[in-house]
Novice: 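My structure is below; once you've seen it, I'll send some questions.
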Amino acid sequence: MRIGYPCINLGLPCRPSRTFRLASLSEERLFSTVDGNLQCLEEIVRWNARHGLLFLRITSDLVPLASRPENTFPWDEEFASRFAAIGQLTESLGMRISMHPGQYTLLNSPRSEVVEAARADLRYHARVLDLLGLDATAKIQIHGGGGYGDKKAASERFAGAIDALDPAVRRRLVVENDERLYSFSDVVELYRRTGLPVVFDAFHHALNGDRHSLPEALAVQYETWGPEDGLPIVDYSSPLPDGRRGSHAHALDKEDFLRFLEESRPHDFDLMLEVKDKEQSALQALDLARADPRLRNRGRA
DNA sequence: GGAAGTCAAGTCTCG
DNA sequence: CGAGACTTGACTTCC
């Protein structure tokens with residue numbers, strides 16, 4: 001088990017997700033922004049490694065507006081050696097990398113321009129991971145998408161869109177249960193149609209659950225990950241104290257997290273903590289899990 | 001310099 | 001059918 005947090009480190013003075021408005025797009029602006037974002041990403045990688053956090057989700061804003069047609073700057077060529085160096089650094093540290101496109105990246109839309117934009121966005125994400133030189137264990141996690149009033153047809157479109165993807169994108173994709181539409185059972189069904197491994201989000205499962213208990217879900221999830229995919233990925237976030245639906249808690253709920261560790265015990269996975277205070281919760285989680293033998297296992301699934 | 005408003009994305013609900 | 005909600009972090013504008 002490796003533990004991590006998404007995208008930004010709130011304690012560091014830099015951000016790897018600086019961006020700008022479409023109206024401000026220029027080659028100069030893009031160059032200087034990506035330059036700064038990569039610099040910050042490297043700082044985060046080093047900080048995380050020093051603190052034992054070996055699972056990192058890279059922000060989708062690393063290259064702002066990357067998949068917009070207006071953006072014609074060859075950032076991938078321009079920064080190829082910078083990406084390669086950071087990728088070598090993460091490899092040498094034993095760090096795992098993932099990415100998670102936004103909620104507006106939808107492969108199953110009935111609108112072809114939406115699907116084409118999603119495809120371009122996924123190509124961008126895969127390009128980043130390719131430039132880092134990472135193998136297929138570096139995943140891109142997506143959701144099932146919209147329902148469009150006919151979930152069955154929407155799921156069919158999802159499967160068709162997956163089948164049509166470039167293998168360089170396809171091999172990195174994993175599908176995560178959401179809090180509203182595609183439950184854990186639904187994404188397992190998508191796995192059966194597409195072969196995409198399943199990311200289990202414990203928080204979404206609590207909000208949009210089905211018959212699976214936590215250990216049951218983890219056992220089913222485990223079967224969806226192949227030898228090339230690495231350890232399964234699990235997302236965890238604490239429930240909000242006031243019980244408000246959906247959004248992520250501000251800080252780690254220690255009791256809930258310890259219960260989660262206990263109940264998930266038979267299964268090993270890499271754990272992404274989606275909590276608003278980012279690295280603080282990840283450090284607490286690492287501390288709470290320090291006696292857990294899974295932390296010493298970095299092996300294959 | 002800080003507060004308020006805007007953006008980027010697409011779906012979905014509500015009137 | 002069209003306006004607004006939803007989400008998130010950061011930009012941008014305004015005083």
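Within every chain, numbering begins at 1; the chains are lettered A, B, ... in the order of the sequence lines, protein sequences first and strands thereafter. All values below come from the heavy atoms of this structure, side chains included, with hydrogens, waters and symmetry mates left out.
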Novice: To the nearest 0.5 Å, what is the distance between CD on A/Glu91 and CD1 on A/Ile97?
Specialist: 9.0 Å
Novice: With sequence neighbours left out, what residues match A/Phe79 under ring-ring contact (aromatic ring centres under 6.0 Å, His included)?
Specialist: A/Phe31
Novice: More than 12 non-hydrogen atoms from neighbouring residues, nucleotides or ligands closer than 6.0 Å to CZ on A/Arg57, yes or no?
Specialist: yes
Novice: Mind checking side-chain contact (heavy atoms from CB on, under 4.5 Å) for A/Arg192 and listing every partner two or more places apart, or none if nothing turns up?
Specialist: A/Val188, A/Glu189
Novice: Please work out which of the three classes, parallel, tilted or perpendicular, describes the rings of A/Trp47 and A/Tyr5, given edges at 30° and 60°.
Specialist: perpendicular
Novice: Using the ring pair (Phe, Tyr, Trp, His ring centres under 6.0 Å) definition, which of the options A/Phe257, A/Phe203, A/Phe200 pairs with A/Tyr236?
Specialist: A/Phe257
Novice: If you compare every side-chain N and O of A/Ser17 against the phosphate oxygens of C/dA10 (OP1, OP2), does one of them come in below 4.0 Å?
Specialist: yes
Novice: Quick one, give me the B/S/- string for nucleotides 10-15 of chain B, reading 5' to 3', where B means a protein heavy atom under 4.0 Å from the base and S means that only happens at the primed atoms, P, OP1 or OP2.
Specialist: BSS---
Novice: Just grab all the salt bridge (Lys or Arg N to Asp or Glu O under 4.0 Å) pairs involving residues 143-162 of chain A, residues at least two apart or on different chains.
Specialist: A/Lys151-A/Asp186, A/Glu156-A/Arg193
Novice: Strictly under 3.5 Å: I want the nitrogen or oxygen pairs between protein and nucleotides 1-5 of chain B, one per line.
Specialist:
none

Novice: Can you name the side-chain contact (heavy atoms from CB on, under 4.5 Å) partners of A/Arg127, sequence neighbours left out?
Specialist: A/Trp75, A/Asp76, A/Leu131
Novice: May I ask you to verify if any side-chain N or O of A/Ser24 is less than 4.0 angstrom from the OP1 or OP2 atom of C/dT12?
Specialist: yes
